[in-house]
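Single-structure report; data block below.
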Amino acid sequence: MPTLILIDGSSYLYRAFHALPPLSNAAGEPTGALFGVVNMLRATLKAQPDYAAFVTDAPGPTFRDELYPQYKANRPPMPDDLRAQIEPMHAIVEALGLPILRVPGVEADDVIGTLARQAASQGIEVIVSTGDKDFAQLVGPHVRLVNTMTNTTLDEAGVAEKFGVPPARIVDLLALMGDSVDNIPGVEKCGPKTAAKWLEQYGSLDGVMEHAGEIGGKIGENLRRALDHLPLSRRLATIKTDVALEYAPTDLVLRPRDTGKLRALYTRYGFATALKELEGATVANGSDAGAATLREAAHAAEEAPHAALGGPGNYELVTTQAQLDAWLDKLRRAALISFDTETTSLDPLRAEVVGVSFAVEAGHAAYVPLAHDYPGAPAQLDRAAVLAALKPLLEDPAKPKLGQHAKYDINALEKYGIAVRGLAYDTMLESYVWNATATRHDMDSLAKRYLGVDTIHYEDVAGRGAKQIPFSQVDLDSACRYAAEDADITLRLHLALWPKLEATPTLRHVFERIEMPLVPVLARMEQRGVLVDAAELKRQTQDLARRQHQAQRRAYEVAGREFSLDSPKQLQAILFDELGLPAAVKTPTGQPSTNEEALEAIADQHELPRLILEYRGLAKLRSTYTEKLAEMVNPRTGRVHTSYHQAVAATGRLSSSDPNLQNIPIRTEDGRRIRRAFIAPDGWKILAADYSQIELRIMAHLSGDAGLLAAFHGNQDVHRATAAEVFGLPQDQVDANQRRAAKAINFGLMYGMSAFGLARQLGIGRAEAQDYIARYFARYPGVKAFMDATRERAARDGYVETVFGRRLYLEDIRARNQARRAGAERAAINAPMQGTAADIIKRAMIAVDAFLAGRDDAHMLLQVHDELVFEVRADAVQTIAEAVRARMAGAAELDVPLVVDIGVGANWDEAH
DNA sequence: GTCGATACGTAC
DNA sequence: GACGTACGTATCGACG
């Protein structure tokens with residue numbers, strides 16, 4: 001019987017691009033994907049089919065985009081390196097004599113589906129050459145799939161075995177599973193196994209949907225929630241087989257190949273094996289000249305990156321002095337040095353440096369192993385000597401350097417006496433400033449998003465979990481591939497990201513004047529650490545534990561049995577099932593909540609809720625704070641060294657972890673006591689400086705509201721002033737309750753709170769809360785106008801800005817889902833204020849750090865969003881206090897004064 | 001053992 | 001559904 005091979009060109013190109021290293025030819029043109037496609041095509045054509053076609057997607061929207069506007073909306077734009085290979089691919093396919101099909105308005109899949117159906121009905125044997133599982137729906141008596149990755153074929157029995165359902169049920173399976181790549185919604189938590197199980201049980205998607213009520217558990221709920229969109233998902237997953245085409249299967253005959261053109265193309269792209277085959281030469285190893293599958297192609301390419309493929313993609317393992325000297329020379333001449341360190345720990349203060357890597361041009365990088373230590377490890381250059389040779393370069397502020405999360409490397413190198421200067425760019429921060437929420441900002445995520453590249457992951461070379469080995473035990477070849485790639489990818493990311501930032505002056509300003517200068521400041525704060533009185537924490541732990549056990553014993557008595565006070569599930573059973581107390585609050589999953597609000601609501605009906613609250617409070621303080629902080633004291637320094645994260649918070653704030661020193665308790669007496677353990681050395685004091693009402697001041701500035709501006713210019717108690725306005729009283733007649741209400745309104749508005757929320761917060765009726773808000777907006781019309789304008793701007797631009805031009809993109813601002821959109825609007829209201837406050841304190845930190853440089857009487861230790869904490873030699877307190885105050889207050893010129901409150905004491909509690 | 005989801009609670 | 005931004009602990013169930 002005649003055969004037809006239909007080649008899914010788009011899938012080949014993508015798969016080859018991601019499966020192969022970023023190869024390029026001598027001219028620097030990217031060739032990796034091309035190489036994979038060419039090898040695949042040569043292997044495919046060896047089968048000498050009667051008919052064949054290379055099918056790709058035509059540009060422009062398809063009927064699926066019309067059905068579902070979010071179709072493939074999550075796909076990153078095609079990487080430039082891949083786009084560049086499309087034209088050459090078509091040229092080669094053309095020269096090979098293969099018909100190329102592109103049909104506007106449908107996808108390649110639909111063209112293939114239609115041709116396969118037609119051909120099969122004419123008694124032609126069809127082979128669909130693809131790596132895409134979606135094609136399993138086309139398989140039938142005369143249609144098979146060839147998987148390009150494994151070179152295996154899939155017939156009807158194969159589909160049933162692999163997916164657990166016959167080809168006719170594949171679309172149902174795909175609809176249930178969804179497809180995150182194409183952004184097709186399925187049933188949450190439903191994978192191939194669950195989907196197949198349901199289809200087995202109920203026959204089809206319609207059957208599953210009819211019986212959705214019978215399926216229990218969380219996943220049953222997910223299924224019921226998905227019911228509305230499942231028919232659409234099935235339509236999207238269904239490959240069309242009735243596209244009107246200009247060709248019949250029998251038109252798809254191969255033309256003779258154009259040997260001259262092929263020779264030129266193979267030569268240009270450096271495809272040596274293909275060239276040899278073309279010239280009829282035999283191949284040395286006797287096996288197929290071109291690797292038949294992508295896996296083989298990838299293998300071949302990795303083994304011989306220097307051979308025919310030439311040029312970039314070269315990672316050099318540096319183990320001799322001559323090699324090092326050559327690289328030092330390169331680094332000295334380079335306009336920009338991309339560098340990275342490999343170490344033994346995620347904690348840079350505990351980390352040993354085991355190697356360094358460099359790149360100065362894309363695709364070309366070196367790894368210098370310094371302390372790899374495993375049986376049979378080759379000799380390496382001496383760490384001290386190499387670091388000494390690098391020191392002048394790394395410390396030279398005039399030698400611009402580039403890193404990915406370079407604060408880590410700066411900290412790791414510090415203990416080797418290297419004080420990195422001249423860090424000009426950090427790709428993590430470039431990405432963060434460009435778009436803080438589009439992606440995480442680790443290198444693997446960035447490479448995927450901005451380069452379309454799958455990097456080698458740390459786990460790939462070092463393992464994970466209990467099986468993880470220190471990087472010093474990774475073999476040199478793997479280490480080189482991984483580490484050199486890090487430096488290379490960092491450089492390539494910079495080449496992709498910097499032009500975008502540079503072209504946007506406001507973002508460039510945030511990057512150059514705020515984020516980059518902050519990096520060494522944060523590194524110094526982390527290195528310094530804060531002195532902690534571990535003995536005091538131990539005493540507190542003892543005290544808390546004693547009271548915790550007391551509360552626990554009493555709770556068991558009251559409940560009549562023992563149970564885990566730490567388990568919300570068990571608490572729920574006792575409180576609401578056994579004791580029959582009313583459940584005032586529900587968790588997001590619909591369970592009766594046992595949180596503080598819910599327990600307070602029933603505290604007058606039973607003794608147990610109060611005991612649980614007591615226990616919880618004590619348990620929290622002990623496990624999260626007193627015990628944990630004592631553990632986290634670094635034995636080398638006697639201090640606690642937090643990590644600050646500069647590319648995490650959507651608004652531009654910093655965050656802190658290991659331990660988090662930005663959420664040390666202050667509101668309750670038991671909690672505040674923990675701050676007494678944050679101390680200064682003998683003869684030194686703790687100085688705490690915080691901005692007074694900074695976000696409200698920024699709201700006054702941004703809104704230009706006359707009343708609010710006046711309150712701050714008059715240095716009034718803003719909550720009292722607000723209460724006076726809202727309740728129509730002179731300020732001296734405002735009572736404590738009215739001030740409390742006004743404070744709740746002021747804060748609530750900044751967070752986009754509704755009347756519902758305010759009512760709940762204040763324990764008043766919704767109508768009353770609405771009345772407060774109406775009166776507030778009547779007295780402060782500028783605030784109302786500002787909030788409306790912010791919502792509108794967010795909807796129009798898709799982002800909002802801080803005073804300094806930092807942007808926050810709001811993914812959901814145009815969402816059709818009401819709740820998501822409302823959430824995005826609240827974030828849009830809050831972000832300019834929270835973000836401007838973050839910008840201001842970052843500017844202040846840079847200024848204060850510059851003032852402290854070269855002094856030995858004060859160190860900046862902590863930042864807690866609107867507060868800076870220092871240790872100051874006792875005799876310098878006055879000087880430092882005024883210098884800090886001046887720099888914090890002067891960090892921005894707003895239409896309101898910035899007021900800074902300063903306290904000094906023996907510990908952090910006293911300094912407030 | 002590890003991982004992710006959930007619930008809860010601390011800060012600004 | 002209802003207040004923005006974070007991080008840490010504990011429990012619990014799935015997974016291997």
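Every heavy atom of this structure was used, including side-chain atoms; hydrogens, water molecules and symmetry mates were not. Source: prediction; values computed, not measured. Chain identifiers are assigned alphabetically (A, B, ...) following the order of the sequence lines, protein sequences preceding nucleic acid strands; residue numbering begins at 1 within each chain.
Side-chain atoms of A:D442 and A:S445 form a donor-acceptor pair, as typed in the model, at a separation below 3.5 Å. Checking A:R673 against A:T668 by side-chain atom types alone, no donor-acceptor pair falls below 3.5 Å. Using modelled atom types, one finds no donor on one side chain facing an acceptor on the other under 3.5 Å when comparing A:Q834 with A:E695. Side-chain contact check for A:T587 and A:S593: no donor-acceptor pair (N or O, by modelled atom type) lies under 3.5 Å.
A salt bridge does not link A:D909 with A:R675: none of the charged nitrogens is closer than 4.0 Å to a carboxylate oxygen. A:E811 and A:R820 are not joined by a salt bridge, as no carboxylate oxygen comes within less than 4.0 angstrom of a charged side-chain nitrogen.
Map A:P588 and A:P659 each onto its nearest nucleotide of DNA chain C; the residue landing nearer the 5' end is A:P588.
Across all strands, A:I666 comes closer than 4.0 Å only to sugar-phosphate atoms, never to a base (heavy-atom distances). Residue contacts for A:R616: at a heavy-atom cut-off of 4.0 Å it reaches the sugar-phosphate backbone alone, with no base atom in range. Across all strands, A:N663 comes closer than 4.0 Å to base atoms (heavy-atom distances). The residue A:A649 sits close only to the backbone: its heavy atoms come under 4.0 Å of sugar-phosphate atoms, none of a base. In this structure, A:E695 reaches neither bases nor backbone, as no heavy-atom distance under 4.0 Å exists between it and the strands shown. Residue-level contact check: A:G757 touches the backbone only, with heavy atoms under 4.0 Å from sugar-phosphate atoms and none from bases.
Using a 4.0 Å cut-off on heavy atoms, the residues of residues 565-578 of chain A that approach DNA chain C are A:D566, A:S567, A:K569, A:Q570, listed by number.
The distance between atom CZ of A:R826 and atom P of C:dG4, rounded to the nearest whole Å, is 4 Å. Protein atom CD of A:Q834 is 4 Å distant from nucleotide atom C1' of C:dT5, rounded to whole Å. C:dA10 atom P lies 9 Å from atom OH of A:Y615, rounded to whole Å. A:I829 places its CD1 atom 13 Å from the P atom of C:dT5, with the value rounded to the nearest Å. What separates NE2 of A:H645 from P of C:dT5 is a distance of 18 Å, to the nearest Å. Summarising the geometry, the separation between CD1 on A:I773 and P on C:dA2 is reported as 16 Å, rounded to the nearest angstrom. In this structure, A:L618 places its CG atom 14 Å from P of C:dA10, rounding to the nearest Å. The NE2 atom of A:H865 sits 12 Å away from the C1' atom of C:dG4 (whole-angstrom rounding).
Checked against C:dA6, C:dA2, C:dG4, the side chain of A:Y751 finds its nearest nucleotide in C:dG4. Closest to the side chain of A:A827, out of C:dT9, C:dT5, C:dA2, is C:dT5. When each of C:dT5, C:dA2, C:dT9 is scored by its nearest atom to the side-chain atoms of A:A650, the top-ranked nucleotide is C:dT5.
Under the 4.5 Å side-chain criterion, counting only non-hydrogen atoms from C-beta, A:Q662 is in contact with A:Y644.
Under a 3.5 Å cut-off, the side chain of A:E562 and the backbone N or O of A:Y556 do not form any donor-acceptor pair. Using a distance-only test at 3.5 Å, with no hydrogens or angles considered, a donor-acceptor pair links the side chain of A:R672 to the main chain of A:I666.
Close approach of DNA chain B to chain A, defined as any atom under 4.0 Å from a non-hydrogen atom of the protein, starts and stops at B:dT2 to B:dC12.
As the counterpart of B:dG1, C:dC15 is assigned, both hydrogen-bonding distances of the Watson-Crick or G-U wobble pattern falling under 3.5 Å.
Note on ring orientation: taking the six-membered ring where Trp is involved, the planes of A:W908 and A:F678 are perpendicular (angle over 60°, cut-offs 30° and 60°).
Under 4.0 angstrom from either OP1 or OP2 of C:dT5 there lies no side-chain N or O belonging to A:T651. OP1 or OP2 of C:dT9 has at least one side-chain nitrogen or oxygen of A:K628 nearer than 4.0 Å.
The same atom, C1', is picked in B:dG9 and in C:dG1; the two are 22 Å apart, to the nearest Å.
For A:Y432 and A:H645, the ring centers are positioned 6.0 Å apart or more.
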